[in-house]
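This report concerns only the one structure given below.
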2 protein chains.
Amino acid sequence: MHIDAAQIASHSLIWTNTKSDAVAKPPKENSPITEHLAYLLAQANREINRQLELRLSKEGVPVEQWRILKVLSDGNGHSMGELADAVLLNHPTLTKMIDRMVSDTLVYRVQDPKDRRKVLMFISDRGKALCRRLNSLAVSQEEHIVESYGDKSTNELKRLLESLIGSAN
Amino acid sequence: MHIDAAQIASHSLIWTNTKSDAVAKPPKENSPITEHLAYLLAQANREINRQLELRLSKEGVPVEQWRILKVLSDGNGHSMGELADAVLLNHPTLTKMIDRMVSDTLVYRVQDPKDRRKVLMFISDRGKALCRRLNSLAVSQEEHIVESYGDKSTNELKRLLESLIGSAN
DNA sequence: CGCCAATCCTTGAATATTCAATATTCTCAA
DNA sequence: TTGAGAATATTGAATATTCAAGGATTGGCG
């Protein structure tokens with residue numbers, strides 16, 4: 001939405017976006033931000049995450065807690081560092097979130113007997129029960145995405161994302 | 001329950017990269033979290049964003065400020081609401097970030113004469129100069145991604161992300 | 001052994017974000 | 001015309017995250 005045409009003055013180069021191009025080119029320095037992979041990822045993530053957040057709010061649980069419960073629901077003990085990587089949280093943030101979950105008796109800490117620097121996290125029965133309800137909500141969200149976005153696109157997108165993550169390390 | 005730390009140390013939790021699988025299936029309720037689209041998006045976004053952040057830190061500027069400068073660099077006035085949507089920030093967060101950028105004289109506010117509830121944001125010359133340097137850093141990052149990830153994958157991923165965003169609204 | 005560096009987690013202070021409430025301006029219908 | 005309600009941006013308090021530092025434990029090496 002352009003309000004004041006007088007402000008446009010000093011820009012010398014004008015770029016017309018040739019829609020006819022079949023394939024998106026790598027962005028030039030003056031390309032709109034919407035052509036940057038980093039932006040598209042952030043935008044898609046924001047939207048999908050918001051939808052998921054909305055569903056999970058039925059149980060009053062943030063997305064990160066669902067991730068934690070899901071990782072722990074294999075029944076094994078997971079150290080804080082391992083868990084932080086898995087659930088995409090920095091260590092101090094995870095520590096404080098775990099504090100909350102411990103006082104909600106969703107998870108509990110055990111000192112690792114093999115390496116006493118470590119703390120192993122376990123899921124409680126209450127945590128398991130909550131995790132089941134959350135899984136159901138999350139799956140229904142993904143089904144909803146597949147409905148409007150298509151099965152093929154969804155699978156292809158997942159495949160490409162996995163591959164991107166793999167190539168980025 | 002007793003803890004066998006040897007189990008934990010030995011298996012890789014996060015990236016079980018099953019390249020051989022032909023097609024990812026929609027996640028069941030007990031699927032690992034790595035099969036959820038929402039998680040893959042968050043993971044990819046986190047990684048790419050961190051890389052970009054690292055590059056932009058050369059200029060001491062957070063990613064969001066680059067987005068703001070880039071959107072404003074069309075030379076037109078953009079209202080706060082419009083801008084907030086474009087740069088993926090909530091309104092109060094944007095207001096406070098703009099406050100900082102104004103005191104750095106990167107952008108400036110003008111009350112919209114057509115609708116005095118609105119504030120139009122403009123980029124300053126200093127902001128333009130910074131934006132050019134940032135664009136160069138951002139483009140070089142994307143080139144780096146294309147190098148290791150491939151031209152075809154990158155373009156296909158972008159296409160799918162655009163389509164996902166479109167279908168989610 | 002004994003020491004020093006590295007690893008792991010947590011803490012506290014600084015910083016940033018979000019939620020709810022506010023102020024201002026606009027819209028529109030009575 | 002005017003008043004109620006919607007739209008826009010900002011503010012302040014509550015909350016959350018991050019950064020830097022610390023305490024505890026381990027591993028390795030002289």
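Just so it is clear, the structure is predicted and the values come from calculations on it, not from any experiment. All chains are named by letter (A, B, ...) in the order of the sequence lines, taking the proteins before the strands, and each is independently numbered beginning at 1.
- Residue B/T95 has its side chain nearest to D/dT10 when only C/dC26, C/dT10, D/dT10 are considered.
- Residue A/S79 has a polar side-chain atom (N or O) positioned under 4.0 Å from OP1 or OP2 of C/dC9.
- Side chain B/K96 to base C/dT18: a donor-acceptor pair is found below 3.5 Å.
- Applying the 4.0 Å criterion to OP1 and OP2 of C/dT10, one finds that A/R109 has a side-chain N or O inside that range.
- The residue among B/D99 and A/T93 whose nearest nucleotide of DNA chain D lies closer to the 5′ end is B/D99.
- Taking only side-chain nitrogens and oxygens, A/N90 comes nearer than 4.0 Å to OP1 or OP2 of D/dT18.
- Rounding to whole angstrom units, CG of residue B/N49 and P of D/dT18 are separated by 12 Å.
- Checking side-chain atoms of B/R126 against main-chain N and O of B/D104 turns up a donor-acceptor pair under 3.5 Å.
- Residue A/R117 places no side-chain N or O under 4.0 Å from the OP1 or OP2 atom of D/dG23.
- Rounded to an integer number of Å, the gap from A/M80 CE to C/dT7 P is 19 Å.
- Across the interface with DNA chain C, nearest-nucleotide mapping of B/E64 and B/Q111 shows B/E64 to be the residue nearer the 5′ end.
- In this structure, the NZ atom of A/K118 is 11 Å from the P atom of D/dT26, given to the nearest Å.
- Distance alone, capped at 3.5 Å, places no donor-acceptor pair between the A/R109 side chain and the A/M121 backbone.
- In terms of modelled atom types and a separation under 3.5 Å, the side chain of A/Q65 and the main chain of A/P62 share no donor-acceptor contact.
- At whole-Å resolution of the value, NZ in B/K114 and C1' in D/dA9 are 20 Å apart.
- Listed candidates were C/dC9, C/dT25, C/dA20. Nearest to the side chain of B/R116 is C/dT25.
- One can place CD1 of B/I98 at 11 Å from P of D/dA9, the figure rounded to the nearest angstrom.
- Straight-line distance from the CG atom of B/D112 to the P atom of D/dA7: 17 Å, rounded to whole Å.
- In this structure, the CE atom of B/M121 is 17 Å from the P atom of D/dT8, given to the nearest Å.
- Under a 3.5 Å cut-off, the side chain of A/S124 and the backbone N or O of A/L106 do form a donor-acceptor pair.
- When the nearest nucleotides of DNA chain D are assigned to A/D115 and A/R100 by heavy-atom distance, the more 5′-ward of the two goes with A/R100.
- A/L40 is not connected to B/L56 by any chain of hydrophobic side-chain contacts under 4.5 Å among Ile, Leu, Val, Met, Phe, Trp and Tyr, and they are in different clusters.
- As rounded to whole Å, 10 Å separates atom C1' of C/dT17 from atom CG of B/L89.
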